[in-house]
Amino acid sequence: MGLPPGKALRAVLGETLVELADKDPRLVVVDGDVASSSGVESFETVHPERFLQMGIAEQNMLGVAAGLSTLGLIPVVSSFACFSVGRAFDSIRVLIAQPGLNVKITGGYSGLLTGMTGQTHQIFNDVAIMRTLAKVTVLAPADEVEARQAVRAMVATDGPFYMQVTREASPVLFGDDYRFEIGKAVRVREGPDVTLVSTGVQTTRVFEAAELLADGGVEATVLHVPTIKPLDVEAIVEAARASGFVVVVEEQSVLGGLGGAVAEALSDRYPVTIKRLGIQDTYGESGPNELLLEKYRLSAGALAEDVRSLLSRRRS
Amino acid sequence: MIEAEASTSQLEAVARRVRREIVMAIAHAKGGHLGGPLSATDILTALYFHVLNLRPEDPDWPDRDRFVLSKGHSSIALYAVLALRGYFPVGELATFDAIDSRLQGHPDMTALPGLDMSTGSLGLGFSAAVGIALGAKLSHRRFTTFVMVGDGECNEGIVWEGAHIARRYSLDNLVVIVDKNDLQQFCWHDPGSASRRAPYADAELRDQWAAFGWAVSDVNGHDMAAVIEALEAARAVEGRPAVVIAHTIKGKGVSFMEGNFRWHSRVPTDEELTTALAELAEPALQTAEA
């Protein structure tokens, strides 16, 4: 039972950037003094001349990245989601998003599992914020297979990007034959009883929750949405049709993130009951990962219980 | 040196024309900023008509010097200079701030050719200019990046974040001009004075940039020959970035606007416009009228 273990996405980020930089002299890494955590330390080792240390000053880091991009360089910004989005929002809005510059912003340590930091380093609305910026593509890959391809696609595609990158090792969802495509959602499971929509590494926990539900006779469709913007509205409408009951699950606030995006899309195209599971309107805290996932109802077990309960309330 | 003097007087005439275009554009648009654009005018004229290596007919020429107007609210001054330099028709200045215009209230690089960065949120343009200079070093390109900030803009923390990085990477291909007009939008109350207190006392700003390891110089920002000399000297600095602190007067050239913070973004009445244009007329014309 359960998915096989895999790498942390931050490790995949670093490995993939090193590979890409071997062939592409335009690629540079712009770091906010977190490379030893964000996964890009190896980039400094292999390509020291293209590793730009901006120190602990995120607003300027994003501004420098904008300037670099005007010369045809492709800057990948290495920071934590709480800083790259939270601290540097105005630099992103004015210097990167509005002019549509070719800057790749990563949000490391995304979500709840930030390594015992507590609420200051846990940002639950980075997706909600970034998806409201016109011209920005927002990615949240689920596993190492998808993350590797997503990093490559992001670097190969002109324009501003934001990509969530997680800290902890996470399971492998996809086989080697999987092909990631920007803007495409993918069904990873089929079932008529409920449609579970998720994104990022949380999809792996949702997939495992669906397996637990199946043990109790509930067959779920699971739609994975690795590109939150532009949203694959057609795939979401089709998945909603599969059961007529949609539950969105994300390791983000229930306000404005994927849940918000799905609710907006379906209210336009296919009005149906939507429940949003994730971090409620609150802040996080320190703690071991397993206990955090249990407390904030994001573990496979907690999700299976909560979806079962939503289904029974719906029937009664 | 007669030729140089002639050149300087020509530039001064251009600057007067720029000021007239600024005042007319703001009156026409019934909005925008005046004080800052007028304080920056002589420096912008010196840059675009003498200092910068550029090709107006080919605004994206890869080897051009870069210029970022980080104090983006002075956009109309830059637009007037660009128009007079041949980037676009002078008549287009009448579209400033109009709907669908390429001349946005703050510079939009996606709308108008010749802008090296979109700016307006203070401090950010400076940061992007640090990135451009850093990228030029990485790519072994030899152009110089000039960026203008206001003294009020130096309130922004990002300016000092960027100043640290520019020094750390020894960006001697970066020249910052501080348009030190000693006012910002509202400033600080100055007890016993009808005026407002300047954001930075005379030596204060110089000391701050020096403390960050920059090569610092001062210039009268309305002395055309001195401005050119200071900018060329700053460009020639090796091993570290250079800042030119240009001492200017907010609203320069129009007597009733000079040094008055209320003219940061006031729109002149018809009568005020007439007076301003008379004060900004060519000396020969002023004499003829007198």
Side-chain angles (χ1 to χ4, degrees), chain A residues 21 24-33 43 47-77 79 83 87-105 133-135 158-160, chain B residues 59-60 62-64 66-68 70 72-73 104 106-112 115-143 145-147 149 156-169 171 173-174 212:
Chain A
D24 190 343
R26 299 171 302 167
L27 189 63
V28 297
V29 164
V30 181
D31 181 44
D33 200 43
F43 194 96
H47 301 286
E49 74 291 349
R50 281 190 275 157
F51 179 87
L52 303 171
Q53 181 53 263
M54 293 296 108
I56 309 164
E58 292 80 11
Q59 300 178 56
N60 180 64
M61 170 173 66
L62 273 295
V64 166
L68 291 166
S69 75
T70 67
L71 301 183
L73 297 166
I74 305 174
V76 178
V77 175
S79 186
F83 303 136
R87 193 73 179 247
F89 176 72
D90 203 39
S91 300
I92 296 173
R93 182 181 68 91
V94 173
L95 294 177
I96 296 170
Q98 289 182 349
L101 291 178
N102 194 24
V103 176
K104 315 306 179 187
I105 305 162
L133 287 176
K135 303 185 186 178
D158 190 55
Chain B
D60 295 329
D63 293 329
R64 70 191 183 281
R66 301 307 198 268
F67 177 71
V68 177
S70 194
H73 56 284
Q104 290 290 297
H106 294 83
D108 178 352
M109 70 191 296
T110 69
L112 184 70
L115 299 177
D116 290 321
M117 187 53 62
S118 295
T119 56
S121 183
L122 291 176
L124 302 191
F126 169 69
S127 175
V130 172
I132 295 171
L134 182 56
K137 286 272 183 192
L138 275 183
S139 317
H140 308 291
R141 296 165 71 173
R142 299 179 57 82
F143 63 80
T145 299
F146 292 80
V147 52
V149 300
E156 292 280 5
I158 189 173
V159 170
W160 306 104
E161 293 183 5
H164 165 238
I165 292 301
R167 176 67 187 96
R168 181 162 286 277
Y169 281 88
L171 298 182
N173 56 350
L174 177 67
F212 276 76

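Naming convention: chains lettered A, B, ... in sequence-line order (proteins, then strands); numbering from 1 in each chain.
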- Query: Which heavy-atom pair separates A:L95 from B:S118 by the least distance, and what is that distance?
  - Reply: CD2-O, 3.4 Å

- Message: I'd like to know which of B:L124, B:T110, B:D108 tops the heavy-atom pair count under 4.5 Å against chain A.
- Response: B:L124

- How long is the gap from CG on A:L133 to CZ on A:R93, to the nearest 0.5 Å? 8.5 Å

- At a heavy-atom separation under 4.5 Å, does B:S139 approach chain A through its side chain, its backbone, both, or neither? side chain

- Can you tell which part of A:Q98 gets under 4.5 Å to a heavy atom of chain B, answering side chain, backbone, both or neither? backbone

- If you look at every heavy atom in B:M117 and A:T70, which pair is closest and at what distance? CE-CG2, 3.6 Å

- Please report the C-alpha distance between A:L71 and B:R66 in whole Å, then the side-chain angles of each, then the deciding distance to 0.1 Å, and finally whether the side-chain contact (heavy atoms from CB on, under 4.5 Å) criterion is met. CA-CA 11 Å; A:L71 301 183; B:R66 301 307 198 268; 3.4 Å; yes

- Query: Side chain, backbone, both or neither: which part of B:F126 has a heavy atom under 4.5 Å from chain A?
  - Reply: neither

- Would you say B:R168 has more than 12 foreign heavy atoms packed within less than 6.0 Å of its CZ? no

- Note on the structure: When every non-hydrogen atom of B:Y169 is compared with those of A:M54, the smallest separation belongs to CE1-CE, 3.8 Å

- Exercise: identify the closest heavy-atom pair between B:G125 and B:T119: CA-CG2, 3.7 Å

- Message: Please check: side-chain N/O of A:Q53 versus main-chain N/O of A:G55, any donor-acceptor pairing under 3.5 Å?
- Response: yes

- Item | chain A contact residues among residues 131-138 of chain B, heavy-atom distance under 4.5 Å | B:G131, B:I132, B:L134, B:G135, B:A136, B:L138

- Given a strict heavy-atom distance threshold of 4.5 Å, which part of A:V30 is in contact with chain B: side chain, backbone, both, or neither? neither

- Query: Can you name the nearest heavy-atom pair linking A:Q59 to A:S91, along with the distance?
  - Reply: O-OG, 2.9 Å

- Task: Measure distances from B:S127 to the heavy atoms of chain A and classify the residue's part below 4.5 Å as side chain, backbone, both or neither.
- Result: both

- Contact class of A:L62 relative to chain B, heavy atoms under 4.5 angstrom: neither

- Message: Between A:S69 and A:N102, does the side chain to side chain donor-acceptor pair (under 3.5 Å) criterion hold? Intermediate values first, please.
- Response: CA-CA 6 Å; A:S69 75; A:N102 194 24; over 6 Å; no

- Task: Examine whether an atom of A:L73 lies under 4.5 Å from a heavy atom of chain B, and if so say whether it belongs to the side chain, the backbone or both; otherwise answer neither.
- Result: side chain

- For chain B, which of A:A65, A:P99, A:A66 has the most heavy-atom pairs under 4.5 Å? A:P99

- When rounded to the nearest 0.5 angstrom, what distance separates CD1 in A:I96 from NZ in A:K104? 10.5 Å

- Message: If I measure from the heavy atoms of chain B, does A:E58 come under 4.5 Å with its side chain, its backbone, both, or neither?
- Response: backbone

